[in-house]
Number of protein chains: 4
Amino acid sequence: MNARSPEALVRDTGRRNEAVILNAALEAFGTRGFNGASMRDVAKGAGTSLSNLYNYFPSKSKLLAAVLRHANDELQHRVLRAVEEAGDDAPSQLREAVRAHVGFVVDHQVATLVATNEVRYLEPDDRTALVSHRDATQATFERIIDQGAADGAFRTPYARDAARAILSAVAAIASWYRRDGALSRGQLAEQYARYALALLEGPLPR
Amino acid sequence: MNARSPEALVRDTGRRNEAVILNAALEAFGTRGFNGASMRDVAKGAGTSLSNLYNYFPSKSKLLAAVLRHANDELQHRVLRAVEEAGDDAPSQLREAVRAHVGFVVDHQVATLVATNEVRYLEPDDRTALVSHRDATQATFERIIDQGAADGAFRTPYARDAARAILSAVAAIASWYRRDGALSRGQLAEQYARYALALLEGPLPR
Amino acid sequence: MNARSPEALVRDTGRRNEAVILNAALEAFGTRGFNGASMRDVAKGAGTSLSNLYNYFPSKSKLLAAVLRHANDELQHRVLRAVEEAGDDAPSQLREAVRAHVGFVVDHQVATLVATNEVRYLEPDDRTALVSHRDATQATFERIIDQGAADGAFRTPYARDAARAILSAVAAIASWYRRDGALSRGQLAEQYARYALALLEGPLPR
Amino acid sequence: MNARSPEALVRDTGRRNEAVILNAALEAFGTRGFNGASMRDVAKGAGTSLSNLYNYFPSKSKLLAAVLRHANDELQHRVLRAVEEAGDDAPSQLREAVRAHVGFVVDHQVATLVATNEVRYLEPDDRTALVSHRDATQATFERIIDQGAADGAFRTPYARDAARAILSAVAAIASWYRRDGALSRGQLAEQYARYALALLEGPLPR
DNA sequence: CATGAATGAGACTTCATTCAT
DNA sequence: AATGAATGAAGTCTCATTCAT
């Protein structure tokens with residue numbers, strides 16, 4: 001298990017300062033909220049001038065859009081890869097998908113918080129785009145759950161809406177988890193994977 | 001089934017316009033976020049002048065604090081009453097507690113959203129006060145779960161942290177539920193009550 | 001020597017709360033300046049309601065005018081009485097006039113400060129009235145100096161303008177004197193009386 | 001006799017509009033007092049936008065602090081140079097120091113008024129800094145007086161406190177002098193120099 | 001005489017954004 | 001790609017004053 005440096009969501013992008021700015025924006029939006037954070041805050045965090053920000057992003061709103069796109073990409077990438085590497089049966093796939101999701105939330109708490117709390121401040125077009133992107137991730141979970149319900153592995157009568165419940169609980173981890181607390185990253189993933197399977201009334205270990 | 005007028009969180013308070021202002025603030029903070037909403041928005045919503053707001057609340061932040069306190073009081077009241085009226089066994093109590101909580105979230109979607117998203121903008125003291133108030137509600141769920149775990153009704157190995165997962169999922173309902181959608185208030189409550197029991201690996205109906 | 005309770009400029013006035021309000025206004029204007037002090041400050045200091053202030057004074061500006069009139073009356077009264085009780089010669093009269101003025105400044109430091117710093121904020125009419133009132137006090141000093149210059153007691157070639165210099169220095173005492181400092185009220189009066197006589201190039205004790 | 005353009009206290013500072021703003025602030029604070037003058041007034045006087053003021057000074061209070069610092073610097077500079085160019089004996093030095101001080105007051109009446117009346121509105125730290133700066137100027141006078149008292153030139157028994165009295169009278173000139181009145185700049189300086197020497201009971205011309 | 005509620009104007013300050021260099 | 005200076009709009013909050021009771 002590679003120890004990811006926790007909150008550097010964006011690693012590099014061809015343009016000199018883009019990653020620095022994106023990470024500073026993430027930090028600022030996370031700490032003070034989109035409307036509470038100013039472009040000056042972002043500039044200060046990125047160690048550049050206020051006006052230079054506009055050489056990279058045409059507006060504060062587009063900057064938020066870029067941050068959120070990066071976060072979503074990373075989440076989707078992790079979940080898809082986890083599902084690919086899992087077995088063929090729905091319970092295994094769900095288990096790995098949840099574990100991957102929890103991993104992302106823990107590695108990128110701030111990004112997760114920003115992604116859930118600040119989407120509403122996007123301009124309508126960007127918002128639509130992002131939501132459909134996010135729905136794609138949710139759809140991965142729904143597909144697995146549908147399959148498990150169909151082949152009898154998940155016996156809950158409410159399979160249709162269970163994905164939302166599970167994903168909500170997982171995302172909420174970002175709002176209370178402390179890296180120096182009692183639960184390790186791995187224990188947490190394990191725990192939530194079991195919660196998910198139990199909620200679906202599926203097969204549990206032991 | 002009593003049809004509660006949906007979003008009038010505060011009913012009356014003795015001071016002439018206080019309830020009107022609080023409800024307008026709730027609406028404004030819910031629609032545009034704490035930092036996105038202006039005191040002018042609140043005044044307009046309350047049908048009073050901007051400056052008159054300050055005869056009731058000394059600052060925007062204190063106004064938010066008051067809104068959140070009212071929301072929390074109502075939630076806590078509902079949950080406690082539900083538990084009192086339930087049977088003695090943990091599963092019944094949990095079931096009723098969840099149903100009551102879901103009911104609150106549906107009746108007061110906006111208040112629920114504001115309560116989860118905007119607490120961070122309180123001044124430290126008010127934040128601390130509110131969080132401890134909120135923890136009291138969570139403690140009700142934890143007590144029930146502990147009891148159920150002790151007497152063998154809930155068999156999950158992770159009883160300790162399950163309350164958080166359940167409450168997160170319930171609160172998140174506020175972010176997607178549409179009153180004119182497929183699920184009725186009652187069906188939703190039923191559904192989440194079962195999710196909760198299943199997650200705890202407790203006894204399910206049927 | 002009667003020990004005057006220091007800063008209660010106004011003692012009583014037929015109307016129930018007038019003196020309390022005037023003294024509170026003096027305190028407020030002295031502490032924060034006319035424009036820095038609010039009618040709310042005055043009300044709080046007077047222990048009454050904001051709106052009640054307007055039952056006594058029609059505007060903030062008129063309130064200031066009333067305060068300043070009281071201060072000037074008291075000063076003028078003290079100086080005139082001192083001169084009356086002094087001997088017939090100019091040096092004695094000047095000496096007693098200065099001593100009385102210093103006494104007022106020490107007893108009413110705040111009033112002196114307000115009188116010198118805040119007159120400018122009066123409405124033109126009130127300002128004119130007050131200035132002419134004040135000039136009457138200054139005229140008392142000028143009369144004495146003229147007489148002393150005429151009969152050869154004061155030998156300065158600049159008798160014409162000396163009153164202004166002397167009175168400026170005396171009024172400025174209000175800006176630095178501390179009741180708990182090294183100089184007593186009496187020593188200070190003695191000292192400034194000698195400064196005045198020396199400046200006029202008049203006869204000095206010893 | 002060089003005709004100094006009267007009230008342009010600040011001449012240049014390296015930053016584009018800083019001097020213009022400082023002079024406009026001086027004018028505004030002088031005319032209407034610190035609390036009576038608005039930042040809009042200052043902006044209008046400086047011919048720039050309200051918000052641009054904040055690119056130069058972080059707050060109204062810091063703007064006042066800057067104005068006062070410039071005024072003090074100029075005063076101190078003038079007094080020190082005058083003393084340097086005077087003879088070695090205390091009376092000559094005092095005479096020149098007073099003449100220089102009077103010259104400053106006449107050339108910068110508004111600055112003098114602001115310096116005496118508005119210091120109180122500085123934030124505590126700036127106030128402390130400024131007061132100690134101002135005390136340095138006063139100390140120059142005290143040093144001369146001490147020396148003159150030691151070598152017998154000034155025979156007043158109250159040498160210790162005389163500087164305050166003299167400087168108060170000189171500063172007060174700013175509140176009544178009119179450039180178009182009877183006294184010329186030079187006559188006034190001459191007059192106050194004699195007042196000072198006489199007050200100290202020192203040697204007088206003629 | 002006394003008050004609580006109300007208000008329009010205006011205070012300081014910050015904002016996202018643009019422009020000339 | 002980078003910056004300092006500039007700006008109009010808007011933010012929160014306070015003000016002196018009025019009015020109904």
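The sequence lines fix the lettering, A, B, ..., with proteins before strands; numbering per chain opens at 1.
- C:L68 approaches C:V119 most closely through the heavy-atom pair CD1-CA, 4.1 Å.
- For the residue pair C:K60 and C:A37, the shortest heavy atom distance occurs at NZ-O, 2.8 Å.
- Here D:T48 does not reach the OP1 or OP2 of F:dA5: none of its side-chain N or O atoms lies under 4.0 Å away.
- Applying the 4.0 Å criterion to OP1 and OP2 of E:dG4, one finds that B:Y56 has every side-chain N and O outside that range.
- Between B:G47 and D:D41, the residue whose closest nucleotide on DNA chain E is further toward the 5' end is B:G47.
- Here E:dT14 presents its P atom at 11 Å from NZ of A:K44, a figure rounded to the nearest Å.
- Of all heavy-atom pairs spanning D:Q109 and D:A174, the tightest one is NE2-O, 3.2 Å.
- The base of F:dA6 sits within donor-acceptor range of the side chain of D:N55, with an N or O pair under 3.5 Å.
- Atom CG in A:L53 sits about 11 Å away from atom P in F:dA2, given to the nearest Å.
- By the 6.0 Å contact criterion, CZ on D:R15 is enclosed, its count of non-hydrogen atoms from other residues, nucleotides or ligands being greater than 12.
- Both distances falling under 3.5 Å, in either a Watson-Crick or a G-U wobble arrangement, place E:dA20 opposite F:dT3.
- Side chain of A:N17, nearest nucleotide from F:dA2, F:dT3, E:dA6: F:dA2.
- Distance CG (D:N52) to C1' (F:dA9): 15 Å, rounded to an integer number of Å.
- Pair check for F:dG8 finds E:dC15; Watson-Crick or G-U wobble, both atom distances under 3.5 Å.
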If you apply the rule side-chain hydrogen bond (donor to acceptor under 3.5 Å, both in side chains), what do you find for D:N52 with D:S49, and how did you get there? CA-CA 5 Å; D:N52 194 28; D:S49 73; 5.1 Å; no
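- Salt bridge status for D:R120 with C:E118: present, with a side-chain N to carboxylate O gap under 4.0 Å.
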Protein heavy-atom contacts under 4.0 Å, written 5' to 3' over nucleotides 16-21 of chain E as B (base), S (sugar-phosphate only) or - (none), form the string BBBB--
